[in-house]
Amino acid sequence: MSNVMDTLRERGFVKQTVYEEDLYKLLGSESVTFYIGFDPTADSLHIGHFLQLIAMKHMQDAGHRPIILIGGGTAMIGDPTGKTDMRKMMTRETIDYHVECFKKQMSKFISFEGDNGAIIVNNADWLTGLNYLQFIRDIGVHFSVNEMLRAKCFETRLERGLSFLEFNYMLMQGYDFLKLFKDYGCALELGGDDQWSNILAGANLIRVKEKKPAYAMTFTLLTTSEGKKMGKTEKGAVWLDETKTSPYEFYQYWRNTADADVEKCLKLLTFLPVPQIDALVAHRDERINAAKEVLAYELTKIVHGEDKAILAQNQARAAFGGGGELPEKDVHCENATIIQVLVAAGICASNGEARRLIQQGGVSLNDKKVTDINEPVNSGDTVHKGKKIHVKINLV
RNA sequence: GGGCGGAUUGCAGAGUGGCCAAAUGCAUCAGACUGUAAAUCUGACGUCUCCGACUUCGGUGGUUCGAAUCCACCUCCUCCCA
């Protein structure tokens, strides 16, 4: 079998590993069971999760068996990594609901059939029933507080306050890995690079307790060339759930990727062959727009399916080049004026904002700049906000 | 448990009786320039029936003609001592 590590390296996934040589040999010689953890903190997956799933897919395609661990138990603690504040505690019901949502979305990318079909586990199943005394004697004894305090992931929290509850997170995650190692022979944990300390904790725990090799590998975090986390917009995260982020918005997000990030995104988030990607990003002038279209299309296709990807692409081309169908929006309001429509359609957050936009010349109706804040809108009219937002209004 | 310092508009962070809808930076939005990019410049950035009015500065009361600013109590948090 071809070695998936080569693929992951070539596409720029790999950030840190332990025992890299051994791991490489292992991945090249047999089917390895590995796991990636997901925190069910929201009712939809977002782009950060997506990167993990793509990596998981590469692994699965290479013959390895994925375990998707949903952190239903650890979510009750809250991962303090990189957070400045303590996370709100969620109820068991909320978490269970999120778990269901995740399962649905994941089944689009990952195969659950066949010899190396993925399995989903929820760490609530074994964490909730833990006996405290037994746990700290069996597991806690192997953790050095000195080492933990030195871990980068607690750095910001040590300045602002870290509760003992959250301090335990690392032990929980380490225990997860041990548990999966024993139950499923899982020997490798993958995750984002911010999880390095937590992942390492588990791999070390297995090596100490079971005296057997366990591996850890982290992936590059998806950040923009400016170092910011990708997948954030003014509205919040870019979600995979189409009711939270429409396929058109999703498409547009990627269509507007910065030049410097296109290559990275194509390699990390699509399955296009690397030589093809290299060809796409060969030019650093306006020709890179072709690469952005491919990126947006490919991603939308993976997440929302081919039909919706084509539709989104047509809508985008219509909005920026003319022709084709624009996205439509049903709006309910009487005696519709431009201000009311802007707010009702969710384009502006308040009347004041709509008024301001018009006064600043940022709104057009059917390609004509709006100067009167009371300009009437008819069904079928197209409202434009700035250069990027174009919506056909259906009054209902 | 004791002591100190805090809680301000998305975030960070000024403001310590009227000149405060509240400095500044970041983020965001629009305009110009462009390639649906970046950088840069300009403007906006609580709500409304918008040249005026109304509601905000952890919560509840109080002092005052007037409070984000003073007082009391409460809630939460950092730090120091245990």
Side-chain angles (χ1 to χ4, degrees), chain A residues 80 82-89 154-166 223-238 248-266 280-297 299-300 312-324 326-327 333-335 337-340 342-365 367-374 383-391:
Chain A
K83 303 283 186 308
T84 44
D85 290 309
M86 183 160 155
R87 193 181 277 174
K88 258 192 266 169
M89 286 217 238
F154 291 128
E155 222 168 51
T156 54
R157 294 305 302 278
L158 284 176
E159 289 161 19
R160 293 193 69 125
L162 174 71
S163 70
F164 186 67
L165 173 81
E166 295 172 289
T223 53
T224 67
S225 51
E226 291 166 345
K228 280 178 266 175
K229 262 194 183 174
M230 275 198 97
K232 295 278 180 194
T233 68
E234 73 286 358
K235 287 182 190 163
V238 174
Y248 176 74
E249 288 171 319
F250 187 84
Y251 180 95
Q252 276 302 313
Y253 180 82
W254 299 105
R255 181 61 245 281
N256 285 315
T257 303
D259 288 7
D261 299 321
V262 177
E263 181 177 355
K264 182 168 64 181
C265 289
L266 280 166
L280 275 169
V281 298
H283 302 289
R284 287 292 156 154
D285 49 27
E286 71 275 3
R287 280 172 287 183
I288 194 131
N289 278 319
K292 294 184 189 182
E293 274 205 327
V294 171
L295 173 68
Y297 176 78
L299 279 182
T300 311
Q313 185 159 62
N314 286 338
Q315 290 176 334
R317 284 176 176 162
F320 293 95
L326 288 169
C333 59
E334 296 174 26
N335 300 327
T337 64
I338 185 70
I339 270 196
Q340 290 172 313
L342 283 168
V343 175
I347 298 170
C348 292
S350 68
N351 290 357
E353 188 183 318
R355 193 188 318 269
R356 229 179 285 123
L357 261 171
I358 294 166
Q359 284 162 356
Q360 292 186 52
V363 177
S364 302
L365 187 62
D367 292 318
K368 272 172 55 192
K369 189 161 279 187
V370 175
T371 49
D372 176 8
I373 58 171
N374 291 316
V383 172
H384 316 266
K385 178 200 172 198
K387 277 169 286 199
K388 294 183 186 169
I389 297 176
H390 312 269
V391 181

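Quick note on labels: first sequence line is chain A, next is B, and so on, each numbered from 1. Below, each value reflects all heavy atoms present in this structure, side chains not excepted, and no hydrogens, waters or symmetry copies.
- One atom, CZ of A/Arg284, and another, P of B/A39, lie 15 Å apart when rounded to the nearest Å.
- Every residue meeting the side chain to side chain contact (heavy atoms under 4.5 Å, CB included) condition with A/Gln340, not counting sequence neighbours, appears here in chain and number order: A/Cys333, A/Thr337.
- Between A/Lys369 atom NZ and B/A30 atom P the separation is 13 Å, expressed in whole Å.
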For residues 358-365 of chain A, dump all side-chain donor-acceptor pairs below 3.5 Å to protein atoms at least two apart in sequence or in another chain.
none

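- In this entry the distance linking CG of A/Leu342 with C1' of B/C29 reads 13 Å, nearest Å.
- With RNA chain B read from its 5' end, the first of the two nearest nucleotides for A/Glu286 and A/Leu357 is the one closest to A/Leu357.
- In this structure, of B/C29, B/G35, B/C33, it is B/C29 that holds the atom nearest to the side chain of A/Lys385.
- Spacing between B/G25 and B/U8 at atom C1', rounded to whole Å, works out to 16 Å.
- Remark: A/Ala344 pairs with A/Val331 by the side chain to side chain contact (heavy atoms under 4.5 Å, CB included) rule, at least two apart or across chains.
- A distance of about 15 Å separates the P atoms of B/U78 and B/A12, rounded to the whole Å.
- Here the separation of B/C57 from B/G46, taken at their C1' atoms, is 12 Å to the nearest Å.
- A 3.5 Å limit on both hydrogen-bonding distances identifies B/A12 as the Watson-Crick or G-U partner of B/U24.
- Figure legend. B/G61 is base-paired to B/C71; pairs are counted as Watson-Crick or G-U wobble with both atom distances under 3.5 Å.
- For A/Ala316, the side chain to side chain contact (heavy atoms under 4.5 Å, CB included) criterion is met by A/Tyr248, A/Tyr251, A/Gln252, not counting sequence neighbours.
- Nearest nucleotide to the A/Ala258 side chain, out of B/U36, B/A37, B/C33: B/A37.
- Interatomic distance, CH2 of A/Trp254 versus CG of A/Leu266, reported as 10.0 Å (0.5 Å rounding).
- Atom P of B/G58 sits at a distance of 13 Å from the matching atom of B/C11, rounded to the whole Å.
- In this structure, the separation between CD on A/Gln315 and CD on A/Glu249 is 11.0 Å, given to the nearest 0.5 Å.
- Rounded to an integer number of Å, the gap from A/Ile288 CD1 to B/U36 P is 14 Å.
- Using a 4.5 Å cut-off on side-chain heavy atoms (C-beta onward), A/Val391 and A/Ile347 make contact.
- With sequence neighbours left out, the ring pair (Phe, Tyr, Trp, His ring centres under 6.0 Å) criterion links A/His390 to A/Phe320, A/His384.
- Taking atom C1' in both B/A39 and B/A21, one finds a spacing of 33 Å when rounded to whole Å.
- In terms of position on RNA chain B, the residue among A/Gly361 and A/Gln252 whose nearest nucleotide sits closer to the 5' end is A/Gly361.
- Summarising the geometry, the separation between OH on A/Tyr251 and C1' on B/U36 is reported as 10 Å, rounded to the nearest angstrom.
- As judged by a 4.0 angstrom heavy-atom cut-off over every strand, A/Lys388 is placed among residues touching the sugar-phosphate backbone only.
- Base pairing analysis places B/C76 opposite B/G6; the two distances defining the Watson-Crick or G-U wobble pair are each below 3.5 Å.
- Rounded to an integer number of Å, the gap from A/Arg255 CZ to B/G35 P is 12 Å.
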Could you write nucleotides 44-55 of chain B as a row of B, S and -, 5' to 3', where a protein heavy atom under 4.0 Å of any base atom gives B, of only sugar-phosphate atoms gives S, and otherwise -?
-> SS-SSSB-----
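- The partner of B/U34 is absent, by the rule that a Watson-Crick or G-U pair needs both atom distances under 3.5 Å.
- A distance of about 23 Å separates the P atoms of B/C81 and B/A7, rounded to the whole Å.
- If you check every strand for non-hydrogen atoms under 4.0 Å, A/Lys292 touches a base.
- As rounded to whole Å, 9 Å separates atom P of B/A30 from atom NZ of A/Lys387.
- With a cut-off of 3.5 Å on both pairing distances, the Watson-Crick or G-U wobble partner of B/G43 is B/C29.
- Of the C1' atoms belonging to B/C48 and B/U63, the separation is 32 Å, rounded to the nearest Å.
- Using P as the reference atom, B/U36 and B/A44 are 28 Å apart when rounded to the nearest Å.
- Put simply, the side chain of A/Lys292 gets close to the backbone of A/Thr257: a donor and an acceptor are under 3.5 Å apart.
- Separating the NE2 atom of A/His384 from the P atom of B/U36 is a distance of 16 Å, rounded to the nearest angstrom.
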